[in-house]
Amino acid sequence: MSAREFVVLGTASQVPTRHRNHNGYLLRWDGQGILFDPGEGTQRQMLRAGVSAHDIDRICVTHFHGDHSLGLAGVIQRINLDRVPHEVTAHYPRSGRHFFDRLRYATAYRETVRLTEAPVAADGVLATTPAYTLEARRLSHPVESFGYRLVEPDGRRMRPELLAGHGIEGPDVGVLQRAGELRGVRIEDVSEVRRGQRFAFVMDTRLCDGVYALAEGCDLLVIESTFLDEDKQLAREHGHLTSGQAATVARDAGVRHLVLTHFSQRYADPQEFARQARAAGFTGELTVAADLSTVPMPKRNP
């Protein structure tokens with residue numbers, strides 16, 4: 001299986017800082033790459049992080065505020081300049097199609113790649129592939145915003161003791177896995193369900209039903225925590241979450257690994273986000289995202 005990992009290109013909210021670029025994130029999933037919210041400077045951050053235009057199969061934009069989308073022009077032109085050999089699909093809120101069009105054709109360039117637009121208008125499934133199902137859920141922000149979720153299909157885990165009890169061993173195990181039945185023994189008789197991995201990407205939003213739906217049962221949840229808890233009212237007014245709110249969602253949703261990102265420049269100590277997340281009761285693995293870092297998907301539960 002190819003690597004499954006989350007590459008952080010930028011973590012700043014609203015404006016870049018000396019240490020934080022505008023948003024930008026790439027999820028590597030079984031040989032495919034999904035680029036989320038390419039803000040200004042994403043193309044350069046890709047270079048620094050070892051991400052090439054050829055790595056991008058999908059682009060998912062949550063909403064059309066500049067820190068989440070101003071990098072689209074450069075990324076799209078780079079995809080064409082490098083003559084990426086495969087189709088690239090772009091998802092974004094349908095209400096912002098005019099913004100996408102302006103960014104896609106911001107300057108003159110030669111189009112060499114098939115870029116398919118698949119705007120999002122409502123909650124639901126956006127794409128189904130052998131590796132994952134991509135879903136979207138509406139969020140609560142001053143402009144229309146959607147979060148994204150990947151769900152791997154469930155598989156089956158073979159139970160050696162059950163195989164042995166039915167006298168199935170060696171090459172016959174592979175035959176049973178491919179055919180589903182061998183000498184009257186069904187694959188269900190000698191295996192158990194292996195739950196597919198789940199990933200969610202939740203950016204600018206207040207607490208809402210969509211946040212909880214996206215986070216439910218995630219192995220890896222990437223979620224904005226623009227503000228610290230003492231600025232909860234400010235967060236609500238501007239359509240954002242605090243670190244404590246994000247961690248509470250993760251705690252209640254059974255998230256295994258929580259990644260906090262999208263930080264306001266007003267805070268000097270990024271580890272305060274982690275401290276408040278722990279104070280909210282989240283006990284799973286926790287990462288305060290940093291530019292140019294990589295977060296692996298958690299190993300499967302035994």
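Since the model is a prediction, treat every value here as computed from it, not as a measurement.
No side-chain heavy atom of Val88 sits under 4.5 Å from any side-chain heavy atom of Ile76. Residues Met158 and Ile187 are in side-chain contact: their nearest non-hydrogen atoms beyond the backbone lie under 4.5 Å apart. In this structure, Thr205 and Leu241 have side chains that are in contact, with non-hydrogen atoms separated by less than 4.5 Å. No side-chain heavy atom of Asp219 sits under 4.5 Å from any side-chain heavy atom of His257. Residues Tyr212 and Leu207 have side chains in contact (heavy-atom distance under 4.5 Å, counting atoms from C-beta outward). Side-chain atoms of Gln245 and Arg236, non-hydrogen and from C-beta on, never get closer than 4.5 Å to each other. Side-chain contact check for Asp231 versus Tyr267: some heavy-atom pair is nearer than 4.5 Å. Looking at heavy atoms from C-beta onward, Cys60 lies out of side-chain contact with Leu126 at the 4.5 angstrom threshold.
In this structure a side-chain-to-backbone donor-acceptor pair under 3.5 Å is present from Asn23 to Ala12. Although no hydrogens or angles enter the test, the distance criterion places a donor-acceptor pair under 3.5 Å between the side chain of His91 and the main chain of Ala118. At distances below 3.5 Å, at least one donor-acceptor pair connects side-chain atoms of Asp229 with backbone N or O atoms of Gly244. Side-chain atoms of Asp55 come within 3.5 Å of backbone atoms of Ser52 as a donor-acceptor pair (strictly under, hydrogens ignored). Although no hydrogens or angles enter the test, the distance criterion places no donor-acceptor pair under 3.5 Å between the side chain of Asp30 and the main chain of Arg4. Within the 3.5 Å criterion, the main-chain N or O of His19 finds a donor-acceptor partner in the side chain of Thr17. The closest donor-acceptor contact from the side chain of Trp29 to the backbone of Ile34 lies at 3.5 Å or more, if one exists at all. Without hydrogens or angle criteria, Tyr132 side chain to Arg198 main chain gives no donor-acceptor distance under 3.5 Å. Formation of a donor-acceptor pair under 3.5 Å by the Asp37 side chain with backbone atoms of Thr62 is found in this model. At distances below 3.5 Å, at least one donor-acceptor pair connects side-chain atoms of Glu152 with backbone N or O atoms of Gln197.
The minimum heavy-atom distance linking Leu221 with Ala215 is given by the pair CD2-CB, 3.9 Å. Nearest approach of Leu176 to Arg186, heavy atoms of both residues: CD1-C, 4.2 Å. The two residues Glu181 and Gly184 come nearest to each other via the heavy atoms OE2-CA, 3.7 Å. Listed here is the closest heavy atom pair of Gly239 and Glu224: O-OE2, 3.9 Å. Closest approach of Ala53 and Asp82 over heavy atoms only: CB-OD2, 3.7 Å. Across Ala280 and Thr248, no two heavy atoms sit closer than the pair CB-OG1, 3.7 Å.
Arg251 CZ: more than 12 foreign heavy atoms inside a 6.0 Å radius. Counting non-hydrogen atoms of other residues, nucleotides and ligands closer than 6.0 Å to CG of Asp209 gives a total of 12 or fewer. Annotation: Arg275, atom CZ; neighbour count of heavy atoms from other residues, nucleotides and ligands within 6.0 Å is above 12. Within 6.0 Å of CZ on Arg44 lie no more than 12 heavy atoms contributed by other residues, nucleotides or ligands.
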Could you give me the CA-CA distance, side-chain angles and deciding distance for Thr89 and Asp57, then say whether side chain to side chain contact (heavy atoms under 4.5 Å, CB included) is met? CA-CA 7 Å; Thr89 303; Asp57 295 273; over 6 Å; no
If you apply the rule ring pair (Phe, Tyr, Trp, His ring centres under 6.0 Å), what do you find for Phe6 with Phe199, and how did you get there? CA-CA 10 Å; Phe6 186 74; Phe199 165 89; 5.7 Å; yes
Under the criterion side chain to side chain contact (heavy atoms under 4.5 Å, CB included), I'd like the reasoning laid out for Arg83 against Arg110: C-alpha separation, chi angles, the key distance, then a yes or no. CA-CA 10 Å; Arg83 296 177 179 270; Arg110 183 181 179 186; 3.4 Å; yes
Evaluate ring pair (Phe, Tyr, Trp, His ring centres under 6.0 Å) for His22 paired with His68, printing each intermediate quantity in order. CA-CA 7 Å; His22 264 174; His68 297 260; 8.3 Å; no
Going through the checks in order, is the side chain to side chain contact (heavy atoms under 4.5 Å, CB included) test met by Met46 and Ile56? CA-CA 11 Å; Met46 287 168 55; Ile56 300 172; 3.8 Å; yes
Criterion side chain to side chain contact (heavy atoms under 4.5 Å, CB included) on Ile79 and Ile59, from CA distance to verdict: CA-CA 11 Å; Ile79 287 169; Ile59 301 172; 4.2 Å; yes
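Cluster annotation: Leu70 is not connected to Val143 through the hydrophobic network of ILVMFWY side chains, with a link wherever side-chain heavy atoms come within less than 4.5 Å. Hydrophobic cluster membership differs between Val151 and Leu214, with clusters built from Ile, Leu, Val, Met, Phe, Trp and Tyr side chains linked at under 4.5 angstrom. Taking hydrophobic clusters as Ile, Leu, Val, Met, Phe, Trp and Tyr residues chained together by side-chain heavy-atom distances below 4.5 Å, Val288 does not share a cluster with Tyr25. Hydrophobic clustering keeps Val295 apart from Val7 (ILVMFWY residues linked when any side-chain heavy atoms are closer than 4.5 Å, directly or through intermediates). Phe36 and Phe64 end up in different hydrophobic clusters when Ile, Leu, Val, Met, Phe, Trp and Tyr side chains are linked at under 4.5 Å.
Residues passing the side-chain contact (heavy atoms from CB on, under 4.5 Å) test with Leu286, sequence neighbours excluded: Leu258, Leu260, Ala274, Ala277, Arg278, Phe282.
One distance of note links CD1 of Ile223 with CG of Asp204; it measures 11.0 Å at 0.5 Å rounding. To the nearest 0.5 Å, the span separating CG on Leu27 from CZ on Arg58 amounts to 12.0 Å. The CD atom of Gln265 sits 11.5 Å away from atom CZ of Arg20, with the distance rounded to the nearest 0.5 Å. Phe263 contributes atom CZ, which lies 15.5 Å from atom CD of Gln14 (distance to the nearest 0.5 angstrom).
A donor-acceptor contact closer than 3.5 angstrom links the side chains of Thr107 and Gln77. Glu5 and Thr294 share no donor-acceptor pair across their side chains, judged by distance under 3.5 Å alone.
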Sequence neighbours left out, cut at 3.5 Å: what donor-acceptor pairs do the side chains of residues 161-173 make with other protein atoms?
| residue | atom | partner | partner atom | Å |
| --- | --- | --- | --- | --- |
| Glu161 | OE2 | Arg159 | NE | 2.6 |
| Glu161 | OE2 | Arg159 | NH2 | 2.5 |
| His166 | ND1 | Leu162 | O | 3.0 |
| Asp172 | OD2 | Arg183 | NH1 | 3.3 |

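When each of Glu188, Arg194, Gln177 is tested with Arg156 by the rule side-chain contact (heavy atoms from CB on, under 4.5 Å), just one qualifies, namely Glu188.
In this structure, Arg138 pairs ionically with Glu144, as a charged nitrogen and a carboxylate oxygen lie closer than 4.0 Å.
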